[in-house]
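Just so it is clear: chains get the letters A, B, ... in the order the sequence lines come, proteins before strands, and each one is counted from 1.
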Amino acid sequence: MIDVLYFAWVRERIGLSKEQVESSAATVADLVEELKAREERYAAAFADLAAVRVALDQELAEFDAPLAGVREVAFFPPMTGG
Amino acid sequence: MIDVLYFAWVRERIGLSKEQVESSAATVADLVEELKAREERYAAAFADLAAVRVALDQELAEFDAPLAGVREVAFFPPMTGG
Amino acid sequence: MRVRVQAEPFDFGAECGAFASGRADAGAVVSFAGIVRDDGGLARMELEHYPGMTERALQRIASEATRRWPLRDCLVIHRFGTMLPGETIMMVATAAPHRADAFAAAEFLMDYLKSRAPFWKKEFGADGAAWVAAKDADEKALGRWSED
Amino acid sequence: MRVRVQAEPFDFGAECGAFASGRADAGAVVSFAGIVRDDGGLARMELEHYPGMTERALQRIASEATRRWPLRDCLVIHRFGTMLPGETIMMVATAAPHRADAFAAAEFLMDYLKSRAPFWKKEFGADGAAWVAAKDADEKALGRWSED
C-alpha cells in the first residue's frame, strides 16, 4: 500500500487530496498509467504530464523513478510560492 | 573668491575644513597647483591626486574641469559610505 | 538558520528589526517580502502547501544558501491559507559580512523557493478563481545558480 | 521616493514595516541595512559627510533607480556622526511589482551610494584611528550598471 497525495488543480480534478493505493507499479510513470486507466477524472488530471510534478517521500523526483520502498507519492502542478 | 572645502584625510592633512581662496586658476588642476605652492601641508594633501576626488558646486568633476562660475570646490578621498 | 511555515500573519518590520538587531558580526542584512499584489479585482489569494515536505524543502534551500555564501544568519518565513491584497505572504532575510553575499543569497533563496518549495497560489476575483501558473522566467532564474 | 540624511539612529525594523505596509501596488519589497561590523577591536566609527552634496547625490541616485526600474517606491536613509559596533549605518528599500526589479534596484542604489555619495568612514580602535580605504571592488561594481 502506498499513500498518494494530490495538490492544487491535480487535487481538484481528481476530487481527492489523499488516498491509499494498492499497486505493483515499478515506476512513477507506471503508477500514473494505472491511475489513468481507473477513471476519467484521473485521465484528466494526468492528461499533460509536462504540467505535473511528482515527489517521492517528500523529495522531488522524475517520472521514471522507481517506486520500490516508497511510502508516499505526491502529484502537483509546478510550484508557485514566494 | 571661491569657497574651498576639505573632507576626511584631506581635511586632516590641511588642518582646515573650509577656506576662501582668491584665485585666477582656470581649472581645478591649476587651483591644486596654486594650493600646493602655498605650504607643505597642501603639498602633502595633494601629493597623490589619484587618491583625491573633487566636486564643483556639489557635483563630482574631473581635475581638468574649468573653474569659471564655480562658487564651491571640495576636495576629498574616494567615498566610503554605505 | 530558521525556517517557519505558518498560517498566521507575521510582522515583516518586527522580523527585520529582530534579525538585524545588534549584528556586529555581519555588515550587511538583506530582506525580501512577498506581498499579495492587487493587479485589479483580486479579492483574495489562497496558498496551498504540502505539510512536511514544505519544511524540508525550505530547510534544504536555506542550508544550500548557507553552504554557498558566508552567511552569519538566514531566515525564511512562508505563510499558507487565505490572504488579502497587501498582506505579506512570505519573507527571507540574510546576514553576511559583505553586501554582495547577502544580496546573492537572498536572491538564491527566492529563486529556489519560488520553483522548488511546494506552495500553490489560487487567486479569487470577480471573474472566479484560478490557479496561478508557474512562470518560465522563474524556472529559468534557477539556471544562474548552476555550479557546473 | 524619500531620502534622509541624519545623525540620529533610526529603527530599521520600523522603517521596513512602514515601507512594506499594505503595499498592494507592489509584490516585492527588498531592503538592505548596513551595520557597523566589529572585525576585532573596533571601538567606534565616525562617518563624515558633505552636507548639501550628500542629499543631492542620494536624490540623484534614487531618481536614477526609479528611471531604470518600475519602482513603486524607494527609500534611502544614511546616518553620519559617531556609531558603535552593531549600530545601523544606513538602509535602502525598494518596492516593485516583480522581485528581479526590486533586487536589482536595491543593489544599484547600494553600489552607487558606496562610491558616489560623499561619506567617509573613520574607524577608532585599540591601535588608533584610520580612515577606511575605498575598495576597488566597490568601484568595479558600478561597471555592471553601464547602459552603453
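- Pairs engaging residues 17-48 of chain C under the ring pair (Phe, Tyr, Trp, His ring centres under 6.0 Å) rule: C:F32-D:F103 [sequence neighbours left out].
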What are the atom names and distances for all donor-acceptor pairs below 3.5 Å between chain D and chain C?
from, atom 1, to, atom 2, distance (Å)
D:A24, O, C:D38, N, 2.9
D:G27, O, C:I35, N, 2.8
D:V29, N, C:A33, O, 3.0
D:V29, O, C:A33, N, 2.8
D:S31, N, C:S31, O, 2.8
D:S31, O, C:S31, N, 2.8
D:S31, OG, C:S31, OG, 2.4
D:A33, N, C:V29, O, 2.8
D:A33, O, C:V29, N, 3.0
D:I35, N, C:G27, O, 2.8
D:R37, NH1, C:P97, O, 2.7
D:D38, N, C:A24, O, 2.9
D:P97, O, C:R37, NH1, 2.7
D:R99, NE, C:D111, OD1, 3.3
D:R99, NH1, C:D138, OD1, 2.9
D:R99, NH2, C:D111, OD1, 2.6
D:R99, NH2, C:D138, OD1, 3.4
D:D111, OD1, C:R99, NE, 3.4
D:D111, OD1, C:R99, NH2, 2.6
D:D138, OD1, C:R99, NH1, 2.9
D:D138, OD1, C:R99, NH2, 3.4

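- Interatomic distance, C:F124 CZ to C:L84 CG, rounded to the nearest 0.5 Å: 12.0 Å.
- Of the atoms belonging to D:A106, heavy atoms from both backbone and side chain fall under 4.5 Å from chain C.
- From D:I89, atom CD1 reaches atom CZ of D:F12 across 12.5 Å, with rounding to the nearest 0.5 Å.
- C:A62 and C:L109 get closest at one heavy-atom pair: CA-CD2, 3.8 Å.
- Between the CG atom in D:L47 and the CE atom in D:M83 there is a gap of 4.5 Å [rounded to 0.5 Å].
- Heavy atoms closer than 4.5 Å to chain D are found in the backbone of C:V36, but not in its side chain.
- With a 4.5 Å cut-off on non-hydrogen atoms, C:A18 does not touch chain D at all.
- When each of C:G22, C:P85, C:A33 is checked for heavy-atom pairs under 4.5 Å with chain D, C:A33 comes out on top.
- Nearest heavy atoms, D:A96 versus D:P70: CB-O, 3.8 Å.
- Contact between D:A95 and D:V29 at its shortest, heavy atoms only, is CB-CG2, 4.0 Å.
- Heavy-atom pairs under 4.5 Å with chain C were tallied for D:C16, D:G27, D:A14; the largest tally goes to D:G27.
- Interface remark: of the candidates C:A20, C:G86, C:G17, C:G86 forms the most heavy-atom pairs closer than 4.5 Å to chain D.
- With a 4.5 angstrom heavy-atom cutoff, C:A26 touches chain D only via backbone atoms.
- The side chain to side chain contact (heavy atoms under 4.5 Å, CB included) test with C:V92 singles out one residue from C:I61, C:L113, C:L75, and that residue is C:L113.
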